[in-house]
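To start, the structure itself, in structure tokens.
Chain letters run A, B, ... following the sequence lines, proteins first, then strands; residues in each count from 1. Just so we're clear, the structure is a prediction, and the values are computed from it rather than from any experiment.
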Number of protein chains: 2
Amino acid sequence: ESVVVTGVTSETDIAKVAIKSVPDKPGVAAIIFQALATARVNIKFIIQSIGESGHKDITVLVPSDQLSEALDAMESIVDHVEAAGVLGESDIGRVSIVGAGMAMTPGVAATMFEALASHGINIDLINTSEIRIDCIIGRNRVADAVAVLHGAFGLNRLERKESSP
Amino acid sequence: ESVVVTGVTSETDIAKVAIKSVPDKPGVAAIIFQALATARVNIKFIIQSIGESGHKDITVLVPSDQLSEALDAMESIVDHVEAAGVLGESDIGRVSIVGAGMAMTPGVAATMFEALASHGINIDLINTSEIRIDCIIGRNRVADAVAVLHGAFGLNRLERKESSP
Ligand SMILES: C[C@@H](O)[C@H](N)C(=O)O
Ligand SMILES: C[C@@H](O)[C@H](N)C(=O)O
């Protein structure tokens with residue numbers, strides 16, 4: 001696994017906005033994201049999971065300085081899409097592991113999640129691509145998460161080698 | 001937007017597995033993904049959104065031929081993590097738009113979602129990176145989705161030019 005994962009990245013300049021329990025039918029996501037586009041909100045991540053009883057939640061990650069615009073945009077259409085409500089949270093950050101072959105290597109996600117759990121770091125959101133796993137966690141846990149993930153994937157040893165004389 | 005989005009990709013050889021309503025506390029994701037690793041399940045995507053009342057759902061996309069292994073692995077730990085249950089679905093596919101500058105361009109997601117809605121295509125799951133938006137939809141809607149997205153982002157015109165004498 002330490003061969004597969006080649007780096008750890010992070011950011012803290014992000015905020016979370018979510019719209020709760022919208023009808024799971026065509027056109028709903030379009031209305032929500034048209035409102036965000038009208039408000040010129042830059043969208044870093046969109047996460048929509050399985051939901052319940054014909055309804056879905058949609059979570060969006062935006063730059064921290066656009067949290068209020070994003071909340072306003074979501075609230076402007078909350079009745080139109082018959083949502084249960086909107087929520088926002090600024091005290092979050094992202095930590096990710098990056099690597100070329102991860103989707104074909106069972107155990108990489110387990111190692112990442114075990115490492116975070118070993119330091120009592122709760123995973124709020126998870127998003128992935130074939131070459132990256134993103135975890136949203138508390139902003140004050142990001143530095144610790146970066147350190148524990150470097151250790152879990154053997155990346156510390158490389159850094160020491162590069163700095164040796 | 002048509003300058004920002006440079007391609008449409010898709011796949012149909014995927015299946016969805018989800019574990020419902022697990023406690024949102026450190027260590028839970030680790031247990032679930034250790035079970036998947038033990039079963040040698042290849043993980044294409046992981047999606048965990050906001051959840052409700054201290055609980056989360058976790059959705060995993062796997063190769064179609066690993067759906068039963070993934071379901072078995074999830075079921076093996078469903079009591080350990082106090083989940084409400086596990087579900088699987090094979091009749092799904094993925095359609096994605098790809099482009100370099102999407103996270104900094106408001107409106108790209110709206111255009112994608114409006115295009116799918118215009119053909120009555122329901123969006124089941126959404127996952128993103130800075131350069132790609134993935135939508136999970138019904139497997140029998142993938143070809144239609146690819147066509148309507150090419151049209152929405154002006155990609156058809158490029159293809160005709162490349163084939164002209
Ligand atoms: C919930 C939302 O994504 C809905 N399924 C849509 O297609 O717009
Ligand atoms: C739900 C699950 O992701 C949990 N929050 C964990 O950190 O393991």
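For chain B, no part of A:Ile136 is nearby; none of its heavy atoms comes within less than 4.5 Å. In this structure, the portion of B:Leu87 lying under 4.5 Å from any heavy atom of chain A is its side chain and not its backbone. Both the backbone and the side chain of A:Ile46 come within contact range of chain B, each with at least one heavy atom under 4.5 Å from a heavy atom of that chain.
Counting heavy-atom pairs closer than 4.5 Å to chain A, the top residue among B:Lys44, B:Arg40, B:Lys16 is B:Arg40. Among A:Leu116, A:Ile43, A:Val62, the residue with the largest count of heavy-atom pairs under 4.5 Å with chain B is A:Ile43. Options B:Ala30, B:Ala109, B:Gly27 differ in how many heavy-atom pairs under 4.5 Å they form with chain A, and the most are formed by B:Ala30. Highest contact tally toward chain B, considering only A:Ala18, A:Ser118, A:Ala110, is held by A:Ala110 [criterion: heavy-atom pairs under 4.5 Å]. Each of A:Ala37, A:Ala117, A:Pro26 has some count of heavy-atom pairs under 4.5 Å with chain B, and the biggest count is that of A:Pro26.
Between A:Thr59 and B:Ser49, the side chains place a donor N or O and an acceptor N or O closer than 3.5 Å (distance only, hydrogens not considered).
Between B:Lys20 and A:Gly51 the shortest heavy-atom distance is NZ-O, 2.7 Å.
When the side chains of ILVMFWY residues are joined at heavy-atom separations under 4.5 Å, either directly or via intervening members, B:Ile137 and B:Leu61 end up in two distinct hydrophobic clusters. No path of Ile, Leu, Val, Met, Phe, Trp and Tyr side chains, each step under 4.5 Å between heavy atoms, connects A:Val4 with A:Val98, placing them in separate hydrophobic clusters. Cluster annotation: B:Val60 is not connected to B:Ile92 through the hydrophobic network of ILVMFWY side chains, with a link wherever side-chain heavy atoms come within less than 4.5 Å. No single ILVMFWY cluster, assembled from side-chain heavy atoms under 4.5 Å apart, contains both B:Val8 and B:Leu125.
The distance from atom CD1 of A:Ile50 to atom CD1 of B:Ile58, rounded to the nearest 0.5 Å, is 10.0 Å. Atom OG in A:Ser21 sits 7.5 Å away from atom CD in B:Glu52 (nearest 0.5 Å). Taking CD1 of A:Ile31 as the start and CZ of B:Phe113 as the end, the distance is 13.0 Å to the nearest 0.5 Å. Considering CZ of B:Arg132 and CD of A:Glu130, their distance stands at 4.5 Å, rounded to 0.5 Å. Put simply, CZ on B:Phe33 and CD1 on A:Ile126 are 5.5 Å apart, with the number rounded to the nearest 0.5 Å.
At least one side-chain heavy atom of A:Asn42 sits less than 4.5 Å from a side-chain heavy atom of B:Pro106. Side chains of B:Ile123 and A:Lys56 form no contact here, defined as non-hydrogen atoms less than 4.5 Å apart.
Summarising the local packing, CD1 of B:Ile131 is surrounded by 12 or fewer heavy atoms from other residues, nucleotides or ligands at distances under 6.0 Å. The number of heavy-atom neighbours closer than 6.0 Å to NZ of B:Lys25, taken from other residues, nucleotides and ligands shown, is 12 or below.
When A:Thr128, A:Ile47, A:Asp134 are each tested for a side-chain contact (heavy atoms from CB on, under 4.5 Å) with B:Asn127, only one passes: A:Thr128.
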